[in-house]
Protein chains: 4
Amino acid sequence: MKAIADISIIPLGVGLSLSPYVAACEVVFREAGLEPRLHANGTNVEGDWDVVMAALKACHERLHNMGVPRIATNVRLGTRVDREPSMDAKIASVKEKMKK
Amino acid sequence: MKAIADISIIPLGVGLSLSPYVAACEVVFREAGLEPRLHANGTNVEGDWDVVMAALKACHERLHNMGVPRIATNVRLGTRVDREPSMDAKIASVKEKMKK
Amino acid sequence: MKAIADISIIPLGVGLSLSPYVAACEVVFREAGLEPRLHANGTNVEGDWDVVMAALKACHERLHNMGVPRIATNVRLGTRVDREPSMDAKIASVKEKMKK
Amino acid sequence: MKAIADISIIPLGVGLSLSPYVAACEVVFREAGLEPRLHANGTNVEGDWDVVMAALKACHERLHNMGVPRIATNVRLGTRVDREPSMDAKIASVKEKMKK
């Protein structure tokens, strides 16, 4: 089962600069073989459900190992079985509708 | 690693009545040994990360098997290593502050 | 337009204990005439869209006035025009399905 | 008060193709003077809190007027008072950390 996920990770107890931790998770996602797409409020990834979820867990573990005591994550998670889901197809479909 | 999760599952392509699918996921969570707490916009569960995440996957699979073609889920996910996280403790802590 | 909202407010830069701030928002919601329902990962409210959103803004303002430098909020927001939405009806509908 | 918002709108009861509705909201955001940034799981906007929230409401209203009976939206909402928040600065900060 393929999943598309939008992951927003908020480390708590480390002050106001969250970017070192977001960057660390980008590295974790790449180590997992994913191609993370950073945006202003999260990171999009797509892949096998188990691969995506293992990467998410690895990210929490990495951050805790970096000294983050508490993490609050928000994940938007999409699966579909009518056809192969794709982040590129989702974006292309919206852009095409906007031309009309 | 223990996780507290708030799971909001939205089945797409099955019309406007989502409650049969939310109910099916409650059953899946119980089968996983979790004690789901339903609220008006999701379900709270707590437990070992792997158990919670396996239940979430099983829920997506159950719904797809029930004929749901597409699912959009939002998950709020908390972990902490400074002390044992607990849903009861979170709620009690807020209620205590409200008395003051 | 009536809205049902599930609001999870995460104050940043104030350490690990978030409950004083969640409690402050409960007070704000009540001041707005809403009947907030606290759960382990957020607070559910329902009411006129404008009332709910004004309360959410007031909550951010209250927390910033309490000294919170940064806030990350997640809101699940539901509207429907086929019939009057209701938090009680949503929960009752799921529970009824679980009996079967 | 400036807000950065990540808005994921899910229309219910209109089948599986959501892109016409996402596209309609992009138009609404532009009409509001915002510069929406579409990604695979939502749309990022930044601006004055009231402008952003009025656009979000206008989007729900537009979709209901298009015949969507029910909408489930997830919004990630950030405010900060320590310095001016900026989507570009957030992304640049993460990318800089990744170079190290």
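Protein chains get the first letters and strands the later ones, always in sequence-line order, with residue 1 at the start of each.
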Engineer: Quick check on B:R83 against chain C: is it the side chain, the backbone, both or neither that has a heavy atom closer than 4.5 Å?
Structural biologist: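 Neither part; nothing is under 4.5 Å.
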Engineer: By a 4.5 Å heavy-atom criterion (distance strictly below it), what part of B:A24 contacts chain C: side chain, backbone, both, or neither?
Structural biologist: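 Contact with chain C: none, neither part.
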Engineer: Taking atom CD as the centre, does C:E35 end up with more than 12 heavy-atom neighbours from other residues, nucleotides or ligands that are less than 6.0 angstrom away?
Structural biologist: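 No - once you tally the heavy atoms of other residues, nucleotides and ligands closer than 6.0 Å, there are 12 at most.
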Engineer: Working to the nearest 0.5 angstrom, can you tell me the gap between C:E26 CD and B:K95 NZ?
Structural biologist: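 C:E26 CD to B:K95 NZ: 9.0 Å, rounded to 0.5 Å.
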Engineer: For C:L18 and B:K90, what are the C-alpha separation, side-chain angles and deciding distance, and is it a side-chain contact (heavy atoms from CB on, under 4.5 Å)?
Structural biologist: CA-CA 9 Å; C:L18 310 184; B:K90 288 180 77 174; over 6 Å; no
Engineer: Check whether B:D88 gets within reach of chain C through its side chain, its backbone, both or neither, counting any heavy atom under 4.5 Å.
Structural biologist: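 The answer is neither part of B:D88.
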Engineer: How long is the gap from OG on B:S19 to CD on C:E96, to the nearest 0.5 Å?
Structural biologist: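 Rounded to the nearest 0.5 Å, the OG-CD separation comes to 8.0 Å.
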Engineer: Is C:A89 close to chain B through its backbone or its side chain, or both, or neither, when contacts mean heavy atoms under 4.5 Å?
Structural biologist: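 For C:A89, no heavy atom lies under 4.5 Å from chain B.
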Engineer: To the nearest 0.5 Å, what is the distance between NE2 on B:H39 and CD1 on C:I91?
Structural biologist: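 Answer for the NE2-CD1 pair, B:H39 versus C:I91, is 8.5 Å.
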Engineer: Specify which of B:D82, B:N74, B:L38 makes the most heavy-atom pairs with chain C at under 4.5 Å.
Structural biologist: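 Most heavy-atom pairs under 4.5 Å with chain C: B:N74.
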Engineer: Do you know which of C:A5, C:S17, C:A40, C:S8 has the most heavy-atom pairs with chain B at a distance under 4.5 angstrom?
Structural biologist: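 Maximum pair count with chain B is reached by C:A40.
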Engineer: Give me the atom names and distance for the closest heavy-atom approach of C:K97 to B:A23.
Structural biologist: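 C:K97 and B:A23 have their closest heavy atoms at CB-CB, 3.6 Å.
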Engineer: Taking B:N41 as the fixed residue, which of C:D6, C:T43, C:N44 is the one that meets the side-chain hydrogen bond (donor to acceptor under 3.5 Å, both in side chains) rule?
Structural biologist: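 The side-chain hydrogen bond (donor to acceptor under 3.5 Å, both in side chains) with B:N41 is passed solely by C:N44 among C:D6, C:T43, C:N44.
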Engineer: Please step through side-chain contact (heavy atoms from CB on, under 4.5 Å) for the pair C:L16 and B:R80, ending with a clear verdict.
Structural biologist: CA-CA 10 Å; C:L16 293 175; B:R80 66 191 304 172; 4.0 Å; yes
